[in-house]
Amino acid sequence: MFRTHTCGELRIVDVNGSVTLSGWVQRVRNLGGMTFVDLRDRYGITQLVFDDDADKSLNEEVHALGREYVVQVTGMVAERSSKNSKIPTGDIEVIVKSLKILNSADLPPFTIEDETDGGEELRMKYRYLDLRRTPMRKALEMRHKMALEVRQYMNDQNFLEVETPVLMKSTPEGARDFVVPSRMNPGQFYALPQSPQVFKQLLMVAGYDRYFQIVKCFRDEDLRADRQPEFTQIDCEMSFVDQEDILNTFEGLARHLFKSLRNVDIVGDFPRMPFADAMKFYGSDKPDIRFDMRFVDISSMTKGKGFKVFDDAEYVGAICAERCATYSRKELDQLTDFVKKPQVGATGLVYVKYNQDGSFKTSVDKFFSPDDFKEWAEMCGAKPGDLLLILAGARKQTLSALCDLRLEMGNRLGLRDNNKFAPLWVVDFPLLEWDDNSQRFYAMHHPFTSPKDEDMELLDRNPGEVRANAYDLVINGVEIGGGSIRIHNDGLQNKMFKVLGFTEEEAESQFGFLMNAFKYGAPPHGGVAFGFDRWVSLFAGVDSIREVIAFPKNNAGRDVMNDAPSYISKSQLDELMIEIKNK
RNA sequence: GGUCUGGUAGUUCAGUUGGUUAGAAUGUCGGCCUGUCACGCCGAAGGUCGCGGGUUCGAGUCCCGUCCAGACCGCCA
């Protein structure tokens, strides 16, 4: 027997018991006449004592111990003379009678501690060591528990988990597919699913009524801190529902997860914000509403006073930073540099300090009067002591830059507390997006999204104005998930394909099976998919989804631990009838 | 495809205008130490300054190229 207890479970009631523990050596503290060893496993840390007065026979073996050695010990549980309140086992220790080294260990390249000294690259290369650290273990435990609670809630709501294929058909719409060559069908390829979208709709046609799946999805696009080539979704679909039913059902899921994982009660209904308002007031389709600082369009009040930047601008927008009128020249310069970064893309920043005494100090004193500033301040709801930050230029770029500036100010002012949660439904998304390059409309969500009934007639004459029955769940400025009510009749679906520029043949070859299915009694249905990794990372309070994925890829899509992807042999290629082109 | 930041001891980093033998902390190793829990004290070892080229009397430092890592833009229905 390797152990009678784990390293996390012995307490004061176990004193005088004989126990056997196995684990990893976290740390050795040799005090000369006695030695303490912290023994670690997944469940915790237990202190071992080797006391010369009691028994010198183990001296040599203890001396040989190194970090991360795997050992087994037998001994007696004793109450500590000096207790450690920081760990659950801190009242006791094990006086060791026998010690067996099960395996020695090379010196790890970084310290296996909560605050490791290891950099990102090393941690990824030796991920199995990184995963020994408590923060990583806790993140994966959080992930496990979240999956469990999702299944619990969904089961209670009558949802059925159904597995859908991983090898499926490639479709050119949307993200780039990962493809898998088929040996038995030379020259043909499967695609890995970007989402099980069509399968879940077919399950609705099949009458399964409520489906969900915690499922891996794949997209062959460049990575980010919150984007991996393979990621996990909570994928859901329901029949005989309208948008309201879906929002309510999944608001319930969100509440259940907030409560069970973070013990947070969200008071009141989740707010809902039309996409158009989100863009107008926050410059983003995923606003962080933990703090207000809404944009105010002051274009009308800033023109015709001879300040060319404002006069030429399509849009002049302001945000009000409370109690920031005391900002120094240096701080304002930093903000100016921030908005001028290529990633933000503003050409400059205008500030208006509304001083405590009611006077104004601004970067545009030459062009405007104190009365002008007073008007702007009133419009922005600014009080003496506040600071207005103003960007101007083309509408789209300026809204986007102002969004970045708002979030930066939120960070500076400590308004983005990781332990505070502000969920939000963004609704009424546009159905279509015009793409200048290819001179055609693309589905903003996906081509199966239904237009709003009241906008249906616009579909022919002004498709860009049509709003969709589509919605996103946004928490703290993170897009946690999104979905839509689907089209369930083949006539409307055909029309959508037409608007999207598909020929009948293309629509038939790519989605014919779905259109065909719709002919056999498709119920009205809709659904949603949540980014499981993002949600876990939000609850775990970490910045990157890599921190909640056991074995993630790096930013070039590589697994630096096993060096995938890799070349395959000539014979493998031959079998697949594939030839590699020289660059 | 692009922009930016970084690569120096096992690790995390510092390194002045281009100038003597490249430093600190931590870890490691050795010694001392009987109540530590980030133990303490003393001592030691540890470097292809990512790689290649160039400028220079002289390059960790400047220039060019390249590789690697990270953040972001494009992309991600």
Side-chain angles (χ1 to χ4, degrees), chain A residues 26-40 45-54 56 63 66-68 78-87 89-91 93 95 106-126 129 171-177 194-195 197-198 217-229 231 337 340-345 397 400-401 404 429-433 435 437 440-449 468 470 479 482-484 496 500 510 529 531 543-544 546 554-556 558 560 563:
Chain A
Q26 174 73 30
R27 178 170 266 117
V28 178
R29 290 182 294 277
N30 185 339
L31 273 64
M34 71 191 312
T35 302
F36 298 102
V37 173
D38 289 340
L39 192 67
R40 185 200 71 235
I45 284 182
T46 298
Q47 175 165 285
L48 311 178
V49 195
F50 299 83
D51 192 336
D52 277 6
D53 281 352
K56 284 196 173 185
H63 196 74
R67 271 160 54 192
E68 301 304 315
E79 182 172 3
R80 291 202 200 183
S81 58
S82 53
K83 299 186 167 59
N84 182 351
S85 59
K86 288 185 210 157
I87 55 173
T89 62
D91 287 348
E93 60 198 357
I95 298 169
D106 281 0
L107 193 67
F110 51 87
T111 57
I112 314 289
E113 283 163 16
D114 291 6
E115 296 289 330
T116 182
D117 62 3
E120 181 93 350
E121 201 177 341
L122 272 178
R123 290 178 48 212
M124 289 304 162
K125 182 160 181 194
Y126 300 92
L129 298 181
T171 51
E173 282 290 288
R176 204 172 282 121
D177 281 324
Q194 299 175 25
S195 91
Q197 183 61 35
V198 292
C217 300
F218 306 84
R219 290 177 191 173
D220 187 8
E221 297 291 348
D222 284 8
L223 289 81
R224 291 285 189 280
D226 62 351
R227 271 172 20 200
Q228 285 273 306
F231 58 100
D337 289 344
K340 284 165 100 170
K341 281 196 304 188
Q343 285 87 344
V344 179
Q397 286 83 339
S400 157
D404 290 337
F429 276 84
L431 182 69
L432 302 162
E433 234 176 346
D435 180 62
N437 288 333
R440 57 162 277 204
F441 281 108
Y442 278 87
M444 192 148 177
H445 187 50
H446 56 56
F448 317 112
T449 302
E479 184 193 329
S484 63
M496 267 300 287
L500 291 170
Q510 282 171 37
D543 291 332
S544 168
R546 283 176 212 177
N554 78 356
N555 73 343
R558 300 199 69 87
V560 294
D563 206 28

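Worth saying up front: this structure is predicted, and the values here are computed from it rather than measured. Note on naming: letters A, B, ... go to the chains in the order of the sequence lines (proteins, then strands), and numbering restarts at 1 for each one. What you see below is based on every heavy atom in this structure, not just the backbone, and it leaves out hydrogens, waters and symmetry mates.
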[X] has a side chain; which of [options] sits nearest to it?
{"X": "A:N555", "options": "B:G27, B:G30, B:A71", "answer": "B:A71"}
{"X": "A:E221", "options": "B:C75, B:A38, B:U28", "answer": "B:C75"}
{"X": "A:F36", "options": "B:C33, B:G27, B:U36", "answer": "B:U36"}
{"X": "A:E121", "options": "B:C68, B:G27, B:G74", "answer": "B:C68"}
{"X": "A:A225", "options": "B:A71, B:G35, B:G31", "answer": "B:A71"}
{"X": "A:Q47", "options": "B:G30, B:U12, B:G35", "answer": "B:G35"}
{"X": "A:D222", "options": "B:U28, B:G1, B:G35", "answer": "B:G1"}
{"X": "A:E120", "options": "B:G70, B:U36, B:U11", "answer": "B:G70"}

Rounded to whole angstrom, note down the [atom1] distance from [N] over to [M].
{"N": "B:U56", "M": "B:U17", "atom1": "C1'", "result": "15 Å"}
{"N": "B:U36", "M": "B:U16", "atom1": "P", "result": "44 Å"}
{"N": "B:G30", "M": "B:G46", "atom1": "P", "result": "16 Å"}
{"N": "B:A59", "M": "B:G19", "atom1": "C1'", "result": "10 Å"}
{"N": "B:C13", "M": "B:U66", "atom1": "C1'", "result": "25 Å"}
{"N": "B:C29", "M": "B:U20", "atom1": "P", "result": "34 Å"}
{"N": "B:U48", "M": "B:G2", "atom1": "C1'", "result": "33 Å"}
{"N": "B:A14", "M": "B:G7", "atom1": "P", "result": "7 Å"}

If I compare all heavy atoms of [X] with all of [Y], which pair ends up nearest, and what's the gap?
{"X": "A:F231", "Y": "A:Q194", "result": "CZ-O, 4.1 Å"}
{"X": "A:V560", "Y": "A:N554", "result": "CG1-ND2, 3.4 Å"}
{"X": "A:T111", "Y": "A:E115", "result": "OG1-O, 4.4 Å"}

Is [X] touching bases, backbone alone, or none of the nucleic acid, heavy atoms closer than 4.0 Å?
{"X": "A:E93", "result": "base"}
{"X": "A:P447", "result": "base"}
{"X": "A:F110", "result": "nothing"}
{"X": "A:R123", "result": "nothing"}
{"X": "A:S195", "result": "base"}
{"X": "A:G119", "result": "sugar-phosphate"}
{"X": "A:L122", "result": "sugar-phosphate"}

Which is it for A:T116 and A:R123 under the side-chain contact (heavy atoms from CB on, under 4.5 Å) test, yes or no, and what are the steps along the way? CA-CA 9 Å; A:T116 182; A:R123 290 178 48 212; 4.0 Å; yes
Provide, to the nearest angstrom, the distance between the [atom1] atom belonging to [X] and the [atom2] atom belonging to [N].
{"X": "A:M34", "N": "B:C37", "atom1": "CE", "atom2": "P", "answer": "13 Å"}
{"X": "A:N30", "N": "B:G30", "atom1": "CG", "atom2": "P", "answer": "11 Å"}
{"X": "A:K125", "N": "B:G10", "atom1": "NZ", "atom2": "C1'", "answer": "13 Å"}
{"X": "A:N84", "N": "B:G35", "atom1": "CG", "atom2": "C1'", "answer": "12 Å"}
{"X": "A:L107", "N": "B:G46", "atom1": "CG", "atom2": "C1'", "answer": "13 Å"}
{"X": "A:Y126", "N": "B:U12", "atom1": "OH", "atom2": "P", "answer": "12 Å"}
{"X": "A:F50", "N": "B:G35", "atom1": "CZ", "atom2": "P", "answer": "18 Å"}
{"X": "A:L129", "N": "B:G27", "atom1": "CG", "atom2": "P", "answer": "18 Å"}

Hey, is the side chain of [X] pairing donor to acceptor with the base of [N] inside 3.5 Å?
{"X": "A:D51", "N": "B:G35", "value": "no"}
{"X": "A:R27", "N": "B:C39", "value": "no"}
{"X": "A:R227", "N": "B:C75", "value": "yes"}

Verdict with supporting geometry, A:D52 and A:M34, side-chain contact (heavy atoms from CB on, under 4.5 Å): CA-CA 6 Å; A:D52 277 6; A:M34 71 191 312; over 6 Å; no
Residue met sooner reading RNA chain B from 5', once A:S544 and A:A175 are mapped to nucleotides: A:S544
Nearest-nucleotide wise, let me know which of A:G118 and A:L31 is further upstream toward the 5' end of RNA chain B. A:G118
Salt bridge check: are [X] and [Y] linked by an N-O gap of less than 4.0 Å?
{"X": "A:R558", "Y": "A:D563", "result": "yes"}
{"X": "A:D38", "Y": "A:R29", "result": "yes"}
{"X": "A:R40", "Y": "A:E68", "result": "yes"}

side-chain N/O [X] vs [N] OP1/OP2, d < 4.0 Å:
{"X": "A:R29", "N": "B:U36", "value": "no"}
{"X": "A:R67", "N": "B:A38", "value": "no"}
{"X": "A:K83", "N": "B:G35", "value": "no"}
{"X": "A:N554", "N": "B:A69", "value": "yes"}

Please give the nucleotide sitting opposite [N] as a Watson-Crick or G-U wobble pair, both distances under 3.5 Å, or none.
{"N": "B:G58", "value": "none"}
{"N": "B:G23", "value": "B:C13"}
{"N": "B:C32", "value": "B:G40"}
{"N": "B:U3", "value": "B:A71"}

Flag, side chain of A:Q47 to backbone of A:T89, donor-acceptor distance under 3.5 Å: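 Checking the backbone N and O of A:T89 against the side chain of A:Q47, no donor-acceptor pair under 3.5 Å is found.
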